[in-house]
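Heads up: the structure comes next, in structure tokens.
The chains referred to below are lettered A, B, ... by the order of the sequence lines, with proteins before strands, and numbering in each begins at 1.
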Protein chains: 2
Amino acid sequence: MLELEAVVPCCPPLTERTLTAEEAERAAAMFKALSDPVRVRLFSAVASAPGGEACVCDISDVGVSQPTVSHHLKKLKEAGLLVSERRGTWVYYRVEPSVLAAMGRLLMAPLPADR
Amino acid sequence: MLELEAVVPCCPPLTERTLTAEEAERAAAMFKALSDPVRVRLFSAVASAPGGEACVCDISDVGVSQPTVSHHLKKLKEAGLLVSERRGTWVYYRVEPSVLAAMGRLLMAPLPADR
DNA sequence: CATCTATGTTGACACACATCGAACCAAGGC
DNA sequence: GCCTTGGTTCGATGTGTGTCAACATAGATG
């Protein structure tokens, strides 16, 4: 399965020019990872955890079964937004800060003055 | 001109705390609107057009049929990212800047120093 | 009114996705 | 070894979504 490797340079801001098909594909993949309420909650739980990481056991009370939680965490990981690491009994998830910055840059564009 | 207020008081930054179910629902809905490559291209085409608006005829060469373009523009409009207006023969789409800012704020969080 | 052009809508289809239970794997303690 | 706890993968199922062809609508023009 292909993962997003070089997500950092992804795309110019959405307000700069019409994205190419490839750029749009990459941008859409990042947005898609956060297009589900459960994934948004899981991601914010990890991102806001002290130290920027959290184990699955601490964030799995989001209203769905535990296999479903694992499924969504896997999707976030495949999209490059999270990384996981097993330490003994527990698996810890951490945010990948560069991807967050890339998405923010996509949206927080310096708007042209003539608008 | 309205000053900066919470036009779309969607949610706190994703890194601040675990979002509630309702907040996550709203955030996911915005991300979902941009989770398709065609919609990303259409949105960037409108956002980057001179004057911040474009008519459908100028942005409909994104590789899909015209009804599909119309379908995606409708979704972007329902999500609140675009507004449309008919002027004579053509329909013009404009970006809704407050929503863009809300999404940016969601991602561009002031990261705690200890990361 | 007739006709043409530019958009939007409808219906149908294939594919993707979210969800769950059950089975499975990995570590640690007995 | 066996058992328990934490986590992932598998299989199935219902729902959602992207796409297009066909049809409908709205203005402009003759």
Side-chain angles (χ1 to χ4, degrees), chain A residues 1-4 19 21-22 24-46 49 53-79 81-94, chain B residues 19 21-22 24-46 49 53-79 81-94:
Chain A
M1 180 169 295
L2 66 153
E3 307 186 5
L4 296 180
L19 263 51
E22 292 79 16
E25 203 86 39
R26 288 198 295 271
M30 297 196 299
F31 289 125
K32 192 171 199 172
L34 290 176
S35 68
D36 182 274
V38 175
R39 284 199 291 272
V40 170
R41 287 194 83 187
L42 288 173
F43 184 83
S44 67
V46 173
E53 72 173 17
C55 90
V56 180
C57 57
D58 289 330
I59 59 176
S60 41
D61 56 344
V62 287
V64 294
S65 71
Q66 202 273 334
T68 303
V69 169
S70 186
H71 163 75
H72 284 302
L73 286 174
K74 184 181 180 183
K75 286 217 159 188
L76 288 169
K77 192 174 155 186
E78 287 171 355
L81 273 72
L82 295 180
V83 292
S84 69
E85 178 193 357
R86 174 164 223 130
R87 286 206 295 273
T89 307
W90 296 279
V91 175
Y92 289 82
Y93 279 81
R94 242 185 348 269
Chain B
L19 264 51
E22 292 79 16
E25 203 87 39
R26 288 197 296 269
M30 297 196 298
F31 288 125
K32 193 173 198 170
L34 290 178
S35 70
D36 182 274
V38 175
R39 285 200 290 273
V40 170
R41 288 194 82 187
L42 288 173
F43 184 83
S44 67
V46 173
E53 72 173 15
C55 90
V56 180
C57 56
D58 288 331
I59 59 175
S60 43
D61 54 344
V62 286
V64 293
S65 70
Q66 189 273 330
T68 303
V69 169
S70 186
H71 164 74
H72 284 302
L73 286 174
K74 185 181 180 182
K75 286 215 159 187
L76 287 168
K77 192 175 156 186
E78 287 171 353
L81 272 72
L82 296 179
V83 292
S84 69
E85 178 192 356
R86 174 163 224 133
R87 287 206 293 274
T89 306
W90 294 279
V91 176
Y92 290 81
Y93 280 83
R94 245 186 347 270

Reading nucleotides 12-23 of chain C from the 5' end, what letters show protein touch, with B for base, S for backbone sugar-phosphate only, - for no heavy atom under 4.0 Å? -----SSBBBB-

Which value, rounded to the nearest 0.5 Å, describes the distance between A:Lys75 atom NZ and A:Ser70 atom OG? 13.0 Å

Whole-Å distance, B:Leu73 CG to C:dA6 P, equals 16 Å

Do any N or O atoms of the protein come closer than 3.5 Å to N or O atoms of nucleotides 25-30 of chain D, and which pairs are they?
none

Nearest non-hydrogen partners of A:Lys32 and B:Ser35, listed with the distance: CA-CB, 3.6 Å

Scanning both residues in full, the closest heavy-atom pair of A:Glu25 with B:Pro37 reads OE2-CG, 3.5 Å

I need the minimum non-hydrogen distance between A:Arg41 and B:Ala24, along with the two atoms involved. CG-CB, 3.3 Å

Could you give the side-chain donor-acceptor pairs of residues 55-64 of chain A under 3.5 Å, partners two or more places apart or in another chain?
residue : atom : partner : partner atom : Å
A:Ser60 : OG   : A:Val56 : O            : 3.0

What's the OH-C1' distance between B:Tyr92 and C:dG8, to the nearest Å? 17 Å

Test B:Leu76 against every option in B:Leu81, B:Val46, B:Asp36 by the side chain to side chain contact (heavy atoms under 4.5 Å, CB included) rule and name the one that passes. B:Leu81

Any side-chain N or O of A:Tyr93 less than 4.0 Å from the OP1 or OP2 oxygen of D:dG6? no

Do any side-chain nitrogens or oxygens of A:Lys74 fall under 4.0 Å of OP1 or OP2 in D:dT9? yes

Value for CG (B:Leu19) from CG (A:Leu42), rounded to nearest 0.5 Å, stands at 11.5 Å

For DNA chain D, the residues among residues 53-60 of chain A that have a non-hydrogen atom under 4.0 Å from it: A:Val56, A:Cys57

Under the salt bridge (charged side-chain N to carboxylate O under 4.0 Å, His left out) rule, collect the residues that match up with A:Glu85, sequence neighbours excluded. A:Arg87, A:Arg94

The side-chain contact (heavy atoms from CB on, under 4.5 Å) partners of B:Ser84 (sequence neighbours excluded) come to B:Lys77, B:Val91, B:Tyr93

Hey, what do you get for CZ (A:Arg26) to CD (A:Glu22), rounding to the nearest 0.5 Å? 7.5 Å

